[in-house]
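In what follows, a single structure is set out as structure tokens and then discussed.
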Amino acid sequence: MIRRLIDRLLNRKTRGPRAAIREKAREYKGSELGVIHGAISDAAFRTCETLQKAGHQAFVVGGGVRDLLLGLRPKDFDVATDATPEQVRSLFRRSRVIGRRFQIVHVMFGRETIEVSTFRAIQDEAETDEHGRVLRDNVWGTQPEDAARRDFTINALYYDPLADRILDYHDGVRDLKKRSLRIIGDAEQRFREDPVRMLRVARFVAKLGFSIEPRTRTPIRALAPLISNIPSARLFDEMLKLLVSGHAMACLHELRREGLHHGLMPMLDMILEQPDGERFVTTALERTDQRVLAGKPISPGFLFASLLWQPVRIRWQQAVAAGAPAIPALSDAIDAVLDEQAEKLAVQRRHIADMREIWMLQPRFERRTGRTPYALLEHIRLRAGYDFLVLRCDAGELPAELGDWWTEFLDAAPDERAALIARASESGSGTGPRKRRRRSRGHGRSNASDSPATVPGPADHAG
Ligand code: ATP
Ligand code: MG
């Protein structure tokens with residue numbers, strides 16, 4: 001209140017971050033825009049209802065409203081309110097306050113979690129780094145301020161499910177109809193404040209099939225290097241959202257089109273610029289998209305294992321070619337790639353553990369003699385390792401026969417398994433790569449004598 005008075009006296013509103021604030025919203029009836037009564041989840045409805053009954057404002061906001069108006073099924077629902085996190089917490093038995101940068105409250109209903117955030121203020125003198133990135137913005141504000149600090153107009157629509165009322169401060173409804181992604185406020189300034197917004201452009205454009213409004217698009221190319229200032233844990237979160245959006249490949253192409261793909265991950269430059277790795281990652285991402293669209297869960301460990309496999313494989317291949325024993329060489333290659341990766345994008349530790357296991361299992365699938373296949377049956381990550389193996393076969397990196405054999409072996413009744421192992425040995429492929437290599441074509445790396453694994457490149461099995 002007092003700040004607004006001072007602002008008015010100093011005429012501050014006309015410039016700086018506060019220039020984007022609009023005090024008045026356009027109002028629509030939800031039903032008039034095609035929102036069906038009951039389209040939002042019970043949990044979201046009840047969250048708003050409880051808050052309103054306690055005398056607060058409460059709206060569904062963000063992607064949930066946007067997707068409803070587009071006739072898509074919302075992934076989840078966020079609620080915005082004028083209640084403070086403590087007030088929210090006290091109203092819901094199953095809730096907790098989370099977040100460092102900005103406190104929000106998770107309200108749990110059964111398996112659904114509603115993220116409730118308090119209206120956020122726009123600060124004139126927010127603390128920023130030397131490129132204009134906002135380092136702290138932990139101040140509560142009014143709804144018009146909250147609307148102005150959201151990223152895109154289509155993400156700043158507020159829906160009151162009890163009153164069936166939509167508030168639109170920035171012509172988001174018009175932009176939805178035009179299928180145009182437009183940033184709120186001055187594009188350059190908003191991308192400087194938070195470079196993650198540029199990645200979000202790519203995600204929404206790919207997911208929604210929208211075009212980027214020209215003034216939103218113009219500064220992106222020049223500001224793309226600011227991506228490297230994003231804290232690595234946050235970059236991971238945002239990249240994961242992009243990869244599990246159900247439109248992963250389209251997102252990556254969009255990143256490339258906007259010049260945003262450099263420096264995110266070693267794999268990105270590689271997938272998009274070198275044909276070698278492309279088939280593998282394309283196959284992996286197509287499957288991820290299919291799973292997401294079918295409503296199946298995605299394991300981030302598996303996903304990142306797929307994305308970082310090519311650099312691991314290449315390093316491994318080089319070490320083995322130089323005479324290193326295969327298993328330690330694989331382990332070293334993994335360490336090296338993960339180290340390099342961690343500087344840019346911090347994959348969480350528990351996912352790293354999954355990735356390492358999936359990768360380290362790979363050479364073991366190539367040994368189909370004696371007890372080895374049985375030992376694998378007991379491995380806790382067998383399923384993920386096997387899925388990864390199949391992916392490698394489908395991408396042409398390994399012979400299809402190997403993947404097929406494992407599919408049969410896993411399906412087989414216990415008493416059929418010995419016959420399968422015998423068959424693999426007979427055909428000469430079961431004894432593992434070591435023998436196969438000795439007897440086969442000179443690869444120039446056949447001197448890797450004690451190697452229990454092949455390290456095939458995509459070319460090895462072409463045709
Ligand atoms: P999705 O359907 O993928 O969840 P979303 O728009 O809901 O899309 P979230 O990341 O869940 O995206 O964010 C919820 C809302 O918070 C956004 O719609 C937007 O209003 C706001 N928001 C999120 N990230 C930013 C950001 N970096 N800058 C400004 N506003 C943001
Ligand atoms: Mg969301």
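Computed from a prediction, not measured in an experiment: that's the story for all the values here. Hydrogens, waters and symmetry mates are skipped; everything else that's a heavy atom, side chains included, is used.
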Inset, instruction - Please assess Trp140 against Asp82 for the test side-chain contact (heavy atoms from CB on, under 4.5 Å), listing each intermediate value before the final yes or no. - result: CA-CA 8 Å; Trp140 300 315; Asp82 61 355; over 6 Å; no
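The closest donor-acceptor contact from the side chain of Asp171 to the backbone of Arg174 lies at 3.5 Å or more, if one exists at all. Distance alone, capped at 3.5 Å, is enough to place a donor-acceptor pair between the Thr81 side chain and the Gln57 backbone. At distances below 3.5 Å, not a single donor-acceptor pair connects side-chain atoms of Ser331 with backbone N or O atoms of Pro328. Side-chain atoms of Asp151 do not come within 3.5 Å of backbone N or O of Arg197 as any donor-acceptor pair. A donor-acceptor pair under 3.5 Å is formed between the side chain of Arg18 and the backbone N or O of Ile122. For Arg279 (side chain) and Asp394 (main-chain N/O), a donor-acceptor pair under 3.5 Å exists by modelled atom type. A distance-only check finds no donor-acceptor pair linking the side chain of Asp164 to the backbone of Lys29 [under 3.5 Å]. For Thr216 (side chain) and Ile183 (main-chain N/O), a donor-acceptor pair under 3.5 Å exists by modelled atom type. Under the 3.5 Å distance criterion, the side-chain polar atoms of Trp316 are matched with a main-chain donor or acceptor of Ala326. With hydrogens and angles disregarded, a donor-acceptor distance shorter than 3.5 Å links the side chain of Asp168 to the backbone of His170.
The number of heavy atoms from other shown groups lying within 6.0 Å of CZ (Arg291) is above 12. The number of heavy-atom neighbours closer than 6.0 Å to CD1 of Ile36, taken from other residues, nucleotides and ligands shown, is 12 or below. Within 6.0 Å of the CZ atom in Arg215, the count of heavy atoms belonging to other residues, nucleotides or ligands does not exceed 12.
Remark: Glu49 does not engage Arg46 in a salt bridge, criterion side-chain N to carboxylate O under 4.0 Å. A salt bridge between Asp67 and Lys207 is present, with a side-chain N of the basic residue lying under 4.0 Å from a carboxylate O of the acidic one.
Partner of Pro195 under the side-chain contact (heavy atoms from CB on, under 4.5 Å) criterion, chosen from Arg190, Arg133, Glu238: Arg133. Under the side-chain hydrogen bond (donor to acceptor under 3.5 Å, both in side chains) test applied with Tyr169, the options Arg22, Gln143, Glu145 reduce to a single match, Gln143. None of Thr84, Val97, Val116 except one satisfies the side-chain contact (heavy atoms from CB on, under 4.5 Å) rule with Arg89; the exception is Val97.
By the 30° and 60° cut-offs, the orientation of the rings of Phe109 relative to Phe92 is perpendicular.
Atom CD of Gln341 is separated from atom CZ of Phe304 by 7.5 Å, given to the nearest 0.5 angstrom. Put simply, CG on Asp78 and OG1 on Thr113 are 11.0 Å apart, with the number rounded to the nearest 0.5 Å. Here the straight-line distance linking atom CD of Glu130 with atom CZ of Arg192 works out to 10.5 Å at 0.5 Å rounding.
A donor-acceptor contact under 3.5 angstrom links the side chains of Gln310 and Arg313, judged on distance only. No donor-acceptor contact under 3.5 angstrom links the side chains of Trp309 and Gln362, judged on distance only.
The ring of Phe388 has its center closer than 6.0 angstrom to the ring center of Phe280.
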